[in-house]
Amino acid sequence: MANVDLLIRLEDLVTNPTPRVPICLCLDTSGSMEGEPIEELNEGVRLFYEAIREDETAMYSAEISIVTFGDIPQVIVDFANIDRQPDVPKLEAGGLTPMGEAVNLALDCLEKRKQEYKDKGVDYYQPWLVLMTDGAPNGSRRELERAITRTVELVESKKLTVFPIGIGPQADMNVLAQFSPARSPLRLQGLKFREFFAWLSQSVSRTSQSTPGETVELDVQGIKGWAQL
Amino acid sequence: MWKSVSYEACGRSHRRSATPCQDKTLTSSLNGIEIVALADGAGSAKFSHVGAATVTEAACAYLSENFTHLLTTADGLQVKTKLLNHLLAALRQKCEELACGLQELASTLLLVAIGGDSFIIVHIGDGVIGYLQGGQLKVASRPTNGEFVNTTIFVTSADALGSMRVLRGDVSDIDGFVLMSDGTADSLYDRKRATLAPVVRKMMQRTAILSPDRMYQLLENSFEQVIVMNTHDDCSIALLVNKSSSLCYSAMNFEQKCELFGLRATHKSSRRRVRRYDEMLSQLQSAQTLRQISRWLRLKERYTKRHLERLQLLGLVTTDGVYYSSNI
C-alpha cells in the first residue's frame with residue numbers, strides 16, 4: 001500500500017526560481033595594484049567564489065558581476081550564479097583609476113539585471129555594490145560626480161547597499177565616503193582581502209535567507225579585526 | 001457545512017536560532033460566521049509572533065461581530081478603516097502589556113470569513129489567498145511585496161490602509177478557500193504564473209472528508225517532511241472548505257479514492273475494495289456495532305474489523321464505545 005500519511009510529495013511542489021542577491025564587485029585594477037596587492041585581490045575573489053559555492057542557499061541566490069577599472073572600465077564577469085560561472089576571473093593590474101566611469105558602468109549593469117529579473121518574474125533582494133580602490137580617482141570629474149549622485153540616491157531610497165573599501169594608506173577615503181551616506185568606508189588592514197571576502201560571503205548567505213520585515217544586521221564587529229571603521 | 005483546519009510550522013532558520021514561529025493561524029466559528037485567519041510576523045520584529053496572534057484574534061472577533069454590517073456597508077474605505085483601527089487598537093493594548101513599540105508587533109494578515117451565502121476576504125501584505133470554484137483553483141489575492149523579496153506591507157505599516165484588500169462576494173459556487181504564508185507559497189504558489197499547485201485541491205478534498213485530527217496529522221507530516229524543507233521561512237496554511245460540495249466523498253472518482261485509501265488503481269483487487277469501502281461508509285452514516293456491519297457485509301467479524309480499523313486510521317470512521325460511524 002502507498003504511504004497515505006504524506007499528503008504532499010516533492011513532485012507536487014511548484015518550482016519557483018530562487019530569489020537572487022545581485023552583487024557587483026567594482027574593483028580597482030590600476031597600475032598601483034601591481035604585484036602583491038593584485039595577487040591578494042585575486043586570491044580574495046577566488047575565496048569569495050569558493051565560499052559562495054559551499055553555501056547551500058547562497059550558491060543559488062548570489063549572482064556576481066565584476067567591473068574592473070584600470071585602463072578602461074570593463075565588465076569582466078556579467079551577472080550569473082556560481083553554477084554558470086565556474087571559472088574565477090584573473091585580474092591584472094595596469095592603467096589609471098577611472099572610478100566614476102566604473103561605478104556608472106556597475107550601476108548600469110545592476111539596473112539592467114534588475115529589469116531582467118522583473119521581465120522573467122524572478123524575485124530579488126536589494127543589490128550590493130562593493131567598491132574597492134587603493135588610490136584616488138583620476139578619470140572624468142563629471143562622471144565621478146554622476147556616479148556619486150546616482151549611488152547616494154539609490155542608497156537613500158534603500159535600493160542599494162554599498163560597501164566602499166580602501167586598500168592601503170593611499171586610498172582616498174574622502175571620495176569613498178561620498179559614495180556611502182549611511183555607512184563609513186572601511187580601510188583594509190594590510191591586504192586582508194581574504195577576510196573581507198569571507199565576511200562578504202557570510203553576509204550574502206544571511207541576506208539570501210532573510211524574510212519580509214527582517215533587517216539583516218551586518219556583523220560590523222566581525223570586520224573590526226581586519227579593517228578600520 | 002463549512003469545515004476548517006490550519007497548521008503552522010517553525011521554519012529551519014528560526015529552529016536554528018531558537019526563535020519562536022512567527023506564523024500564526026486561527027479558525028473560528030461564532031455567530032454562524034466561519035473564519036480562518038493567518039498572520040506572518042515580521043522577521044526582525046521582537047514580538048512579531050505575539051503581534052501575529054493578536055491580529056488573528058482581533059480580526060476573527062471583529063468579523064464574527066460585524067460580518068453583516070461590513071457586508072452591507074457600501075463604502076469600502078470605511079470598512080477597511082474600521083477594521084484596521086480595530087486591529088491597531090488591539091495591538092496598542094498589547095504594546096502596553098509588553099512595553100514595546102507598535103512595529104515590534106508587525107505582521108501580515110490574511111482572512112476569509114463566511115456567513116450565509118457571502119464571504120469577506122481581507123489581505124494585508126504577502127502570502128496568498130486562493131479558492132476553488134467550478135473545480136478550478138483560482139487566486140483571490142496575490143502577495144504584496146515591495147521591489148525586493150524581503151520587503152512587504154504589515155498591519156502596522158504606514159501604508160497598510162492603502163494596500164489592504166477587502167473582497168466581498170457570493171460563496172454559493174465556491175467549494176473552498178486556502179490561506180498560505182509566503183513560506184508555504186514558496187512551495188504551493190507559482191509566482192510567475194500566479195497559480196496554485198494542483199495539490200491544494202487535494203488538500204481541500206481531504207479537509208472536507210477527513211476528521212479534523214486526521215487532517216491535522218496529514219498536514220503536520222507533509223509540512224515537516226516536505227514544505228518546511230523547501231524554504232528557510234516559517235510555513236503556515238489555513239483551509240476552509242464546503243464539505244457538501246464537489247469536494248465530498250461521493251464526488252470522488254475511483255482513482256482519487258484509491259489514493260485516499262492507499263491502493264494502487266491498477267491493481268485488480270482495488271475496484272472490489274473501493275466498492276466495499278463505499279458500502280461500509282454509506283452504511284455507517286448511522287452508528288452500528290461490529291456485528292451489525294459484519295452481518296450486513298456478510299463478512300466474518302475479524303475481516304470486517306480489519307477494514308474498519310483501516311477506515312478509522314484514515315480518519316473516515318470514528319468509534320463511540322462499541323459503535324462505529326462515519327459522517328463523510
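Note that the structure is predicted; figures quoted are calculated from it, not measured.
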Worksheet item: Quick one: what part of B:Asp40 sits under 4.5 Å from any heavy atom of chain A, side chain, backbone, both or neither?
Response: neither
Worksheet entry | Other residues, nucleotides, ligands: >12 heavy atoms within 6.0 Å of B:Tyr216 OH | yes
Discussion item. Heavy-atom count check: over 12 atoms from other residues, nucleotides or ligands less than 6.0 Å from B:Arg15 CZ?
Written reply: yes
Worksheet item: Are A:Pro127 and B:Phe148 side-chain neighbours, meaning at least one heavy-atom pair lies under 4.5 Å?
Response: yes
Item to complete: Using non-hydrogen atoms and a 4.5 Å limit, figure out which bit of B:Ala106 sits close to chain A: side chain, backbone, both or neither.
Response: neither
Practice prompt. Could you tell me which non-hydrogen atom of B:Arg206 sits nearest to which non-hydrogen atom of A:Leu7, and how far apart they are?
Written response: CG-CD1, 3.4 Å
Item to complete: For A:Lys118, look at atom NZ and say whether over 12 heavy atoms of other residues, nucleotides or ligands are found less than 6.0 Å away.
Response: yes
Discussion item. Strictly distance-based, threshold 3.5 Å: is any side-chain N or O of A:Asn16 a donor or acceptor partner for the main-chain N or O of B:Asp186?
Written reply: yes
Worksheet item: A:Lys159 versus chain B, heavy atoms under 4.5 Å apart: side chain, backbone, both or neither?
Response: both
Worksheet entry | Step-by-step side-chain contact (heavy atoms from CB on, under 4.5 Å) determination, A:Val14 to B:Leu188 | CA-CA 6 Å; A:Val14 298; B:Leu188 300 180; 5.8 Å; no
Discussion item. Is it true that, when you exclude B:Arg142 itself, more than 12 heavy atoms of the residues, nucleotides or ligands shown sit nearer than 6.0 Å to its CZ?
Written reply: no
Worksheet entry | B:Arg16, CZ atom: more than 12 neighbouring heavy atoms under 6.0 Å | yes
Worksheet entry | Partner chain A: residue of B:Lys202, B:Arg193, B:Lys192, B:Glu147 with the largest heavy-atom pair count (under 4.5 Å) | B:Glu147
Worksheet item: Of the backbone (N, CA, C, O) and the side chain (C-beta and beyond), which part of B:Asp126 lies under 4.5 Å from a heavy atom of chain A, both, or neither?
Response: side chain
Fill in: Which portion of B:Val149 sits near chain A, non-hydrogen atoms under 4.5 angstrom
both
Practice prompt. Output the distance between atom CG (A:Leu6) and atom CD (B:Gln225), rounded to the nearest 0.5 Å.
Written response: 5.0 Å
Worksheet item: Are any non-hydrogen side-chain atoms of A:Ile8 and B:Ile227 less than 4.5 angstrom apart?
Response: yes
Practice prompt. Measure across B:Arg191 and A:Pro17 and return the closest heavy-atom pair with its distance rounded to 0.1 Å.
Written response: NH2-O, 2.8 Å
Item to complete: Check each atom of B:Asn230 against the heavy atoms of chain A and say whether the ones under 4.5 Å are side chain, backbone, both or neither.
Response: side chain
